[in-house]
Amino acid sequence: MSDDGLPGPEARVTRFVQPGDTNFLGTLFGGVALSIMDEAASLASTRYAGSVTVTAALEQIDFHQPIRMGIAEAIARVETVGRTSMRVGVELWGEDPRTGDRHLATRGHFVMVAIDDDGRPRPVRRATPPRRVPDAEAT
């Protein structure tokens, strides 16, 4: 929580990676990875904006390492805020549940737009940029 009592600019989504989530090489489908990351970006931006948000753009998605069956965790942080939009950085980590070993698999940025009840862009409730949240893991 921030000093004003509002949720902070970070959200996490954790999922088991099951056989149906993987390709014939046994690694997480890219589309499934993006879906997990988009969900985390949506949670972080919705908390920050105080309203529903929608994905407007994906920027620079880099796949560093594959994720095999096990655990995938997306960590999303609101980085910059405009009038109606937010740029959210998202990291996707793979984890072996047997050993606890983690690795950065994918990193990218999502542009999220706050919308009103009619689906139109609305101003983000907080106009000041969020404080930087320390990284969950060193990269």
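One is the number of the first residue; the rest follow in order along the sequence. Note that these values count all heavy atoms, side chains included, but never hydrogens, waters or copies made by symmetry. Keep in mind that what you see is a predicted model, and the values were worked out from it rather than measured.
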Apart from F16 itself, residues in the same hydrophobic cluster as defined by side-chain heavy atoms under 4.5 Å: I71
Under 4.5 Å side-chain linkage, directly or through intermediates, the cluster mates of I115: V52, V54, V113
Non-neighbouring partners of D117 that pass side chain to side chain donor-acceptor pair (under 3.5 Å), sequence neighbours left out: none
Pairing residues for T46 by the side chain to side chain donor-acceptor pair (under 3.5 Å) criterion, not counting sequence neighbours: T53
Looking only at non-hydrogen atoms, find the nearest pair between [X] and [Y] and report the distance.
{"X": "F63", "Y": "A33", "result": "CE2-CB, 4.3 Å"}
{"X": "G108", "Y": "I61", "result": "CA-CD1, 3.6 Å"}
{"X": "A49", "Y": "M86", "result": "CB-CE, 3.9 Å"}

Check: R47 side chain, E10 main-chain N or O, donor-acceptor pair, under 3.5 Å: yes
To the nearest 0.5 Å, how far apart are [atom1] in [X] and [atom2] in [Y]?
{"X": "L34", "Y": "F110", "atom1": "CG", "atom2": "CZ", "result": "5.5 Å"}
{"X": "I67", "Y": "D21", "atom1": "CD1", "atom2": "CG", "result": "10.5 Å"}
{"X": "D96", "Y": "M69", "atom1": "CG", "atom2": "CE", "result": "11.0 Å"}
{"X": "I75", "Y": "R107", "atom1": "CD1", "atom2": "CZ", "result": "10.5 Å"}

With sequence neighbours excluded, tell me which residues meet salt bridge (charged side-chain N to carboxylate O under 4.0 Å, His left out) with [X].
{"X": "E95", "answer": "R102"}
{"X": "D116", "answer": "none"}
{"X": "D118", "answer": "R120"}

I'd like to check the side chain to side chain contact (heavy atoms under 4.5 Å, CB included) partners of [X]; sequence neighbours left out, ordered by chain and number.
{"X": "T27", "value": "N23, L25, P66, R68"}
{"X": "D62", "value": "Q60, H64"}
{"X": "A76", "value": "A40, A44, V88, V90"}
{"X": "E59", "value": "R87, H109, V111"}

Within residues 22-42 or reaching into it, pairs that qualify as salt bridge (Lys or Arg N to Asp or Glu O under 4.0 Å) - sequence neighbours excluded: R15-E39
Lys/Arg-Asp/Glu bridge criterion (N-O < 4.0 Å) met for E79, R77: no
Option among I36, V13, L104 that satisfies the side chain to side chain contact (heavy atoms under 4.5 Å, CB included) test with L92: I36
